[in-house]
Amino acid sequence: MSYRTTPSVDYVEDVSPGSGALPPRAWYASSDARSLSLNGSWRLRVSATADAEDESFAEEGYDAGNWAEVTVPGHWVLQGDGAFGSPIYTNHLYPFPVDPPYVPTENPTGDHLRVFDLPTDWPSDGGAVLRFDGVESCARVWLNGTELGEFKGSRLAHEFTVGELLKPGRNVLAVRVHQWSAGSYLEDQDQWWLPGIFRDVTLLHRPAGSPGDFFVHASYDHTTGEGTLRVDSDVEGRVTVPALGIDVATGEPITVAVEPWTAETPRLYDGVLATEGERVPLRIGFRTVVLEDGLVKVNGRAILFRGVNRHEWHPRHGRALDLETMREDVLLMKRHNLNAVRTSHYPPHPAFLDLCDEYGLWVIDECDLETHGFVEQDWRDNPVDDERWTPALLDRAARMVERDKNHPSIVFWSLGNEAGTGRGLTAMAEWIHGRDPERLVHYEGDWNCRDTDVYSRMYASHEEVAGIGQRLDGGTHKRRELPFIQCEYGHAMGNGPGGLADYQELFEKHERLQGGFIWEWIDHGVEHAELGYAYGGDFGEELHDGNFVCDGLVFPDRTPSPGLIEYKKVIEPVLIEGDGTNGTVWVTNKHDFADLSALAFEWSCQVDGETVESGSLAVPALAPGESAEVKLPEPPVDGRGGERQWTVRALLADDTSWAAKGHVVAWGQFAAGARPLPSIPATDRPVRDGDRITLGPAGFDARTGALLSIGGVAVGAAPRLDVWRATTDNDDGAEWQTDTRYGMLWRTLGLHRMRHRLVSVEAGDDALTVRTRVAPAAREVGLDTVYRWTSDGERLRLTVSVTPEGDWTVPLPRLGVRFGLPEADRVEWFGGGPGEAYPDTRAASMVGRWQSTVDGLQTPYVRPQENGARADVRWVELGGLRIEGDPEFWFTARRWTTEQLDAARHRTDLTAGDTVWVNLDHGLHGIGSQSCGPGPLPQYFLKAEPAEFSFVFSTTE
Ligand code: IPT
């Protein structure tokens, strides 16, 4: 005989979306219906299994005596200092056996209790609903001891009717949340697994005669300049839009002249839907999205997505974001020229979409669906191709579309991410197309585009994208008719992504290519006392994907990383080119809709990087796509014979909602003459005195030829050839990459442990020459390296000649010299800045005079790696030395060695030593995007080939 002593938890492993919840509907904040937020402190009890505790906690009068407290919205594993379990990070592997729809018996379960008083003036008429905006992954709900139902679909809203159950005074809401459920199989997104009630819980009064649901249809006819509004509502009422003089019945269309909504000109009209019982505020944006001539067009024009993939992330609160954090994301995006967001990989908190409407961002709203882990078994048993799961998929599609359908910013519905292909996806697409024919459908996983209105790919190489742009890619007939986007590209993990400018060039060149979305917005680092930011494995997970979760354009605290600065420059909506020698500037408006009237232009002229004059530049209010030639003023008269250049900036002419007047939107720089190179006649002669050699201001070790000092500046470690860098995530490449992963090959070859063999030290008539061979242990290849020192008595010139020997089959990470200074802090340079740059991430590097400290030069990648190089440096001053380059060089300085940087796993592993290590590089290898996508393009390879470069040293005293 068998019997159960435990509560029934069958619903947890049931493929159905749940039971008891109301059908989905539009999400809004009412003007006059009451609501009560149930956010705040809740009581919590975490059990190890779904059925460890019975359901008595939901009964009225239950005493939660020793239960813990938890903040809702929140994730219990991010509260209580580990007392309630820890986060788990996996990319696509399920952290439990693939045994659908079953989940492990160990299934952390959080029983939540919230006692609340119904406000004394809470209306007694009508009904009420209880809304959950997000619970991961499965919840069962009781109010005052009565069960309301259970649901899955973590990032979707679920509502229950509760009017009958509410009581005056004290009410008890009980929610049992299971970390794992059948729903987890549909939620295999690349992110932390974080159980909990992580979005708002709200009690909403539903007055009698209030709408259940409504759908705002607001289209724009670009041929007439008119918009047509029709608001469908299940409860009749009137729709008013005062600014447009609109006052019509629901269901009735009205056409009037309007200003359209676009991401660049997000014109919203405030309106009201008034039914007998409620006034619902409307924010209406008129725009029409169509697929026409093989292009996505809005209001008659093809658009170009300059987008990013956004996960919801906060370093302390996980996916529980407050409004200010959401706004910060939107403001940062707008300030960095982004115009689009893909809500990877689930519908965001609805307030985020309000912000997209308000500030202007195109949105691909993505369904909460990913079954990526099934790829491990060749997609066998994939829920999206198994009819038993189709109701759950359709439920998810409906909950997204119904909740979000009134946002003008949404142009695409996305079925989900990385879920293979199958009948369930087709069913979702059919349902969505039927329910909302006024938007398009996106899904990346089906390259035949059976169900989609756009051909979408991720991480396609430049070469492949170029082919697609030229329609050389073939594919199904359907696909050949469709426009192309990269829903993910430019993997922003660690240093990088490289190659963005090259992609943008393609997007702008070929009509079919309608842009892309960088992967991704933010590093999902978890704030951690000892580690700085934690990533996969830091919580002892047995299965994890390390720092693959830190691949954003902003750091966990939302400080922009250099990748965002680069992207901002690459996607500038205004192109400023020029010829500095004849004073001509060409300005092109690359917006899709806006003219240039919101911008003011400024010119400035620099001599040796210092601005000597500036003024405003009159540029016509060009329409999108137009260009104009503008003349710069006469070059300023200046006696100095330095290097001259012009800089032209496009700035906001007035304050906007997202940035202040003067905010720089775009810029261009053009040389007005060649740089005078440092010329040092070799007039001095090396003089030997015992174990020392003196040459001009410098002293050398006579035996080794090592530089010891220049003037009063002691050199802690003499300059010598350096080819190693602490490999970046993009150097290392993803484990599944079949292309060449140089990070690994460099290590195999031993470039991180080069040996230096001294061949000779020759003190000649006009030079000290030190010959060496630099090579990795265990290998035959080497770099024949000659250091030639000369001086004019005051300054010291080092010329390094490098000749590779043997068969070099890999590029070099870097090529230059490294030396150590005992003391250095302030740094000033003339060259590219203010931030870091590498050969394929240098678009945003602006030539000028820059200052920093050594610490300020560091880019604090969550997993430490090569960073902080400054490009095109003419000269740099630090630690009492001035170093000029012939030619320009890459400059890096840090308080730890490359080896220490290479060994560090977290920021906190890096501690300053007593030497500042300086790298002066003639060349650096490109960065690329191989942590998930393609490596650097061949033109950014640092080939092992003969090279010669010089530096001129002097003291600054
Ligand atoms: C792609 C995923 O869609 C995304 O969620 C993320 O994991 C990204 O990669 C890498 O960070 S899938 C990959 C197999 C191309």
Side-chain angles (χ1 to χ4, degrees), residues 88-95 154-155 186-194 307-313 319 341-348 364 366-379 382 384 414-421 425 442-447 452 456-461 464-465 485-498 516-525 535-536 543-554 556 561 563 728-730 732-739 741 861-863 928-935:
I88 300 170
Y89 167 58
T90 58
N91 167 14
H92 76 277
L93 296 178
Y94 288 105
S154 299
R155 298 100 199 177
L186 306 181
E187 296 174 4
D188 191 24
Q189 293 94 344
D190 174 11
Q191 59 180 347
W192 294 98
W193 297 90
L194 295 174
V308 73
N309 283 278
R310 174 182 179 270
H311 265 292
E312 294 182 313
W313 188 250
R319 287 188 285 277
V341 191
R342 172 175 177 235
T343 70
S344 54
H345 298 303
Y346 41 80
I364 298 185
E366 190 151 275
C367 197
D368 193 2
L369 173 64
E370 174 158 343
T371 61
H372 207 163
F374 286 87
V375 74
E376 293 290 312
Q377 53 198 53
D378 224 2
W379 297 107
N382 186 0
V384 309
S414 177
L415 304 181
N417 184 59
E418 292 283 6
T421 54
L425 290 167
H442 168 270
Y443 177 63
E444 191 273 348
D446 175 15
W447 295 3
T452 64
S456 173
R457 289 280 305 278
M458 42 175 80
Y459 310 104
S461 68
E464 188 178 5
V465 170
I485 62 168
Q486 284 241 72
C487 70
E488 293 178 25
Y489 80 109
H491 199 248
M493 185 177 179
N495 187 334
F517 297 77
I518 298 291
W519 187 266
E520 66 175 306
W521 175 243
I522 186 167
D523 287 342
H524 312 206
Y535 50 77
L543 194 66
H544 67 83
D545 287 290
N547 66 315
F548 202 63
V549 77
C550 292
D551 51 3
L553 291 176
V554 299
S561 96
T728 65
D729 294 315
N730 284 316
D732 293 338
E735 61 201 8
W736 68 82
Q737 296 278 1
T738 46
D739 260 22
R741 294 164 61 192
Y861 292 111
V862 171
R863 184 190 74 81
S929 196
Q930 218 181 351
S931 54
C932 192

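By convention here, the first residue in the shown sequence is residue 1. Note that ligands are numbered from 1 as they come in the structure, with each ligand's atoms numbered from 1 the same way.
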What part of His491, side chain, backbone, both or neither, has a heavy atom within less than 4.0 angstrom of ligand 1?
side chain
Closer than 4.0 Å to some heavy atom of Met458 - which atoms of ligand 1 meet that?
1 (C), 3 (O), 12 (S), 15 (C)
Report yes if some heavy atom in the side chain of Asp729 is under 4.5 Å from a heavy atom in the side chain of Asn547; otherwise report no.
yes
Any chance the rings of His311 and Trp519 have centres within less than 6.0 Å?
yes
Which ligand 1 atoms are under 4.0 Å away from a heavy-atom of His345?
3 (O), 4 (C), 5 (O)
Contact between Glu444 and ligand 1, counting heavy atoms under 4.0 Å?
no
Report yes if some heavy atom in the side chain of Asn309 is under 4.5 Å from a heavy atom in the side chain of Val341; otherwise report no.
no
Any Lys/Arg nitrogen of Asp732 or Arg863 sitting under 4.0 Å from an Asp/Glu carboxylate oxygen of the other?
yes
Within the structure, does Trp519 bring an N/O atom to less than 3.5 angstrom of an N/O atom in ligand 1?
yes
Nearest to atom 12 (S) of ligand 1, what protein heavy atom do you find, and at what distance?
Glu418 OE2, 3.1 Å
Taking NZ, NE, NH1 and NH2 as the nitrogens, is one of them in Glu366 or Arg342 under 4.0 Å from a carboxylate oxygen of the other?
yes
Classify the contact between Asn309 and ligand 1 as side chain, backbone, both or neither, using a heavy-atom distance cut-off of under 4.0 Å.
neither
Validation row: Met493, Phe548 side chains within 4.5 angstrom (heavy atoms):
yes
Contact partition for Glu520 relative to ligand 1, non-hydrogen atoms under 4.0 Å
neither
Using a 4.0 Å heavy-atom threshold (strictly under), name the region of His372 that reaches ligand 1: side chain, backbone, both or neither.
side chain
Who's the nearest protein heavy-atom neighbour of atom 2 (C) of ligand 1, and how far?
Glu488 OE1, 3.3 Å
Non-hydrogen side-chain atoms of Pro95 and Trp193 separated by less than 4.5 Å:
yes
Checking salt bridge (charged side-chain N to carboxylate O under 4.0 Å, His left out) for the pair Glu187/Arg155: CA distance, chi angles, key distance, verdict?
CA-CA 10 Å; Glu187 296 174 4; Arg155 298 100 199 177; 3.7 Å; yes
Row check, Trp447 ring normal vs Arg457 NZ/CZ: under 6.0 Å, within 45°
yes
Any side-chain heavy atom of Glu488 within less than 4.5 Å of one from Tyr459?
yes
Atom indices of ligand 1 within 4.0 angstrom of Asn91 heavy atoms, with elements:
7 (O)
Atom 8 (C) of ligand 1 - nearest protein heavy atom and its distance
Tyr459 OH, 3.3 Å
State, without any angle test, whether Glu370 and Asn417 hold a side-chain donor-acceptor pair at a distance under 3.5 Å.
yes
Gln189 to ligand 1, any heavy atom closer than 4.0 Å:
no
Any atoms of ligand 1 less than 4.0 Å from a non-hydrogen atom of Asn417? List them with their elements.
2 (C), 3 (O), 5 (O)
When you measure from atom 6 (C) of ligand 1 to every protein heavy atom, which one gives the shortest distance, and what is it?
Asp190 OD2, 3.2 Å
Numbered in order shown, the ligand 1 atoms found under 4.0 Å of a heavy atom of Asp551 are 11 (O)
Counting from 1 in the order shown, the ligand 1 atoms closer than 4.0 Å to a non-hydrogen atom of Phe548 are 10 (C), 11 (O)
